[in-house]
Amino acid sequence: MSEPQSRDFIRQIIHEDLESGKHDSIVTRFPPEPNGFLHIGHVMSICLNFSVAAENNGRTYLRFDDTNPGKESEEYVAAIERDVHWLGFDWGDRLTHASDYFGQLYESAVQLVELGAAYVDSLSADEIREYRGTLTTPGKDSPHRNRSVAENLDLLARMRAGEFADGEMVLRAKIDMRSPNMNLRDPALYRIRHVTHQHTGDKWCIYPMYDFAHTLSDAFEGITHSLCTLEFEDHRPLYNWFLEQLKPPHQPRQIEFSRLNLAYAITSKRKLGALVEEGIVAGWDDPRMPTIAGMRRRGYPAAALRDFVTRAGVTKKDKLIEMGVLENCVRENLGEAAERRLAVLRPLKIVLTNYPEDKSEMMSAMNHPGRPELGNREIPFSRELWIEQDDFMEEAPRKFFRLQPGGEVRLRFGYIIRCDEVVKNDAGEVVELHCSYDPETRSGTGTSDRKVKGTIHWVSCAHAIDAKVRLYDRLFTEVNPNSAADFHTILNADSLQTVDAKLEPSLSSLAPGDAVQFERLGYFCIDSEEHSGDTLVFNRIVTLRDTWAKIEKQAIQQQH
RNA sequence: UGGGGCGUAGCCAAGUGGUAAGGCAUCGGGUUUUGAUCCCGUGUACCGCAGGUUCGAAUCCUGCCGCCCCAGCCA
């Protein structure tokens, strides 16, 4: 194994812990709460936790942090398992739940009470808030803070037995109401919730809070490095407090790194959920969603996602990464993997006036210009063809080297044609082009090397198959929608556009999820949900890089 | 005006006292029957600012500024 040139700070710590003999092996965990779908931000955490362990022959737990019944559901646990697995990671037999430890957690709570380090408080939630103080003023002790151990033990047992209503009692850690760190002002450990838990049923009516359950779950599982995001930094003293008080045999260490934010995307489960709830998107797996499920359905390869988070890096600096980086990872992966096909998104009919009416012939097209081993296919060619509306301009600017009146272009894998006549409707719109082809320029023949500036794609009208193609764009108009007061005001109205496209016949046998490149347009795949019936439905995964679009854009900007 | 973090090119990011890697983007150019790919080339980064220590500082010290997080019986 070769030594990497540089390690991120977490890998450095792990490396040192292994070198020094502090640990013999590394154990990590990915601990999602099953209250929503995983998104691009989680990809970062998943890859970090699983990779860092795998790199060191360690192991990783997939642990559901299910301590808040009512907000969590089995639907989400299934989705999370599917997503983590699809991303390429395997937890083996290490699939656990915080709720698996409810028994041990309760015992630990009793132990804290016995230690005089926890007490049952009868203050209401509102009162507790008042007693907590503010960021700049210290809190004050609850009047119940000095109940005897015996009384606390009795109260805790009765909480568990269901003698109290929700909110009537709460178990709190006894730390310091005057701490400048709010997390240390006697945080709640257990609250009463008379609700059925998705995993433990009605066995419990008291449920542990995050800090308590998470720290101890880490300890129980022998996690060596508990990696989480920056907002938990102030929780670390509390995390360590639990370990000091209870002295479990395994003492995990919490290390925080910055979250990954993606430009123009929301990474808040709550807001993502709102988009679904309000029907702004079609579901958690809508191809516009930055969820793992959405990106998978959109056609992003798992490897591209892994590559993306690797490029983003692991640091403690807040980051907002440009969309282009993600898109580039997708293009890079698909550019190599995807076979090429011809498809016309916005069809314009052309008639080759000098091509025989009844004739049709098969043109040979390579499936991948960079990978000849992928072979060739045959595409039918005939007198009437569909070309892209964008590939014709009646009054073309200087550098436009596609089709224009009197001009020539090469039809990809076909002939060179010339535009002789533009046919318009009463409204003056171009509806059809009359062209002539040069029989001497058939692709692949010895005389086919005559040069023309442009090459455009096409589909034979008589042989084309129809499809709906969905073109996606960013969901928001602001770079950082996370910080918008109300995301409704910055929704991109054009995030989804559907067009009726014409495809080359071979595309009818494509399997859902398989990505292909429509030459000159981008990468596409058959939608996994809506391909039923007669009409094929394609998703545009990402466009090709488009230098011409950039030139046009600059030209427009220069005019103003 | 409490506590915890962070500040290296447009976006990421190496760098751990010896004189600023790399990726993406940008801008040039070459190849090309995808204006794709590929290949070359391209950045005065006052290393947040100001002082100080040192022969020498992005790296050490001091002060300041800016941004993020924390007052759930959420995670």
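Lettering of chains follows the sequences in order, A, B, ..., and the numbering in each one begins at 1.
On the C1' atoms, B/A21 is 10 Å away from B/A13, given to the nearest whole Å. The same atom, C1', is picked in B/G22 and in B/U42; the two are 16 Å apart, to the nearest Å. B/U19 and B/G15 have their C1' atoms separated by 13 Å, with the value rounded to a whole Å. With C1' as the reference atom, B/U59 and B/G17 are 6 Å apart, rounded to whole Å. Comparing B/C24 with B/C67, their P atoms sit 32 Å apart, to the nearest whole Å. With P as the reference atom, B/A58 and B/A45 are 14 Å apart, rounded to whole Å.
For the pair A/Arg185 and B/G3, the criterion of a side-chain N or O lying under 4.0 Å from OP1 or OP2 is not met. The side chain of A/Ser258 places no N or O atom within less than 4.0 Å of a non-bridging phosphate oxygen (OP1 or OP2) of B/C6. Considering only side-chain N and O atoms, A/Asn328 lies nowhere under 4.0 angstrom from the phosphate OP1 or OP2 of B/G23.
Residue A/Ala312 is the one, among A/Ala312 and A/Gly133, whose nearest nucleotide of RNA chain B lies closer to the 5' end (criterion: closest heavy atom).
No contact: A/Thr137 has no heavy atom under 4.0 Å from any strand.
In this structure, the side chains of A/Thr200 and A/Phe102 come closer than 4.5 Å at one or more pairs of heavy atoms.
A donor-acceptor contact under 3.5 Å links the side chain of A/Arg402 to the base of B/G35. The base of B/U34 lies outside donor-acceptor range of the side chain of A/Arg520, with no N or O pair under 3.5 Å.
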